[in-house]
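The shown structure was predicted, so the numbers you read here are calculated from the model rather than taken from an experiment. Heads up: numbering here begins at 1 and tracks the sequence.
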Amino acid sequence: MSALDEKVYEYLRSIPKGRVVTYGQLAEAVATRRHARAVGNILHRNPDPDGTPCFRVVDSKGRLAAHFGTPGGIEDQKRRLERDGIKVRADYTVDLAVYAWKGI
């Protein structure tokens with residue numbers, strides 16, 4: 001596991017229940033904003049999806065991941081977010097004005 005992987009997973013574990021971050025916010029917090037695609041790839045390799053909540057990451061418009069990395073895909077991400085207390089709209093988006101976490 002690379003140092004960037006470790007930073008990403010550590011940051012994910014710090015996101016409080018009921019909050020989300022965008023790929024760009026996460027990338028900026030651990031490296032630079034231009035690493036957003038690399039962050040997405042790291043999320044797909046998450047070795048501990050239950051302990052490291054990658055489901056709390058959405059795109060810059062609040063959209064859920066169309067190819068969420070679990071067998072249940074986007075429906076699994078939706079279910080996990082709703083279990084966290086986050087309202088997911090019918091178009092698979094969340095309101096970033098309400099649920100975005102500003103970070104540590």
Side-chain angles (χ1 to χ4, degrees):
M1 185 178 312
S2 76
L4 182 58
D5 290 14
E6 290 178 21
K7 286 181 182 179
V8 167
Y9 298 141
E10 181 180 332
Y11 189 86
L12 284 173
R13 289 188 293 271
S14 72
I15 302 168
K17 183 177 179 178
R19 297 291 178 199
V20 297
V21 297
T22 67
Y23 292 98
Q25 287 173 311
L26 176 53
E28 192 167 22
V30 299
T32 67
R33 196 168 229 356
R34 69 175 204 267
H35 285 89
R37 187 172 302 273
V39 164
N41 290 327
I42 291 168
L43 297 180
H44 284 286
R45 296 191 308 266
N46 183 356
D48 181 20
D50 292 325
T52 307
C54 58
F55 67 89
R56 292 184 181 143
V57 182
V58 296
D59 77 7
S60 62
K61 294 184 178 14
R63 291 183 296 227
L64 278 57
H67 302 288
F68 187 67
T70 63
I74 196 170
E75 288 295 330
D76 187 38
Q77 184 179 17
K78 177 180 185 271
R79 188 172 38 258
R80 289 172 185 238
L81 288 170
E82 289 174 339
R83 202 175 321 143
D84 245 15
I86 297 171
K87 181 177 176 11
V88 178
R89 298 177 185 130
D91 64 353
Y92 294 96
T93 62
V94 299
D95 186 343
L96 292 176
V98 174
Y99 298 109
W101 185 51
K102 302 305 180 205
I104 50 177

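- The minimum heavy-atom distance between A29 and Y11, with the atom names listed, is CB-CE1, 3.4 Å.
- Each of R83, R80, R13 was compared with D50 under the salt bridge (Lys or Arg N to Asp or Glu O under 4.0 Å) criterion, and only R80 meets it.
- In this structure, R56 and L81 approach most closely via the heavy-atom pair CA-CD2, 4.1 Å.
- Among all heavy-atom pairs drawn from N46 and C54, the shortest one is ND2-SG, 3.5 Å.
- The shortest heavy-atom contact between D59 and L96 is O-CD1, 4.2 Å.
- Summarising the geometry of V98 relative to R19, their closest heavy-atom pair is O-NH1, 2.6 Å, with the distance given to 0.1 Å.
- Between E75 and R79, no side-chain nitrogen of the basic residue sits less than 4.0 Å from a carboxylate oxygen of the acidic one, so the salt-bridge criterion is not met.
- No side-chain heavy atom of Y99 sits under 4.5 Å from any side-chain heavy atom of V58.
- In this structure, L12 and L26 have side chains that are in contact, with non-hydrogen atoms separated by less than 4.5 Å.
- Once rounded to the nearest 0.5 Å, the distance linking NE2 of H35 with CG of N41 reads 11.5 Å.
- Atom NZ of K78 and atom OG1 of T93 lie 11.0 Å apart (nearest 0.5 Å).
- Checked for salt-bridge contact, D91 and R63 miss the test: no charged N lies under 4.0 Å from a carboxylate O.
- Across all non-hydrogen atoms, the minimal contact from Y23 to A65 is OH-CB, 3.7 Å.
- With a 4.5 Å cut-off on side-chain heavy atoms, L64 and F55 do not count as touching.
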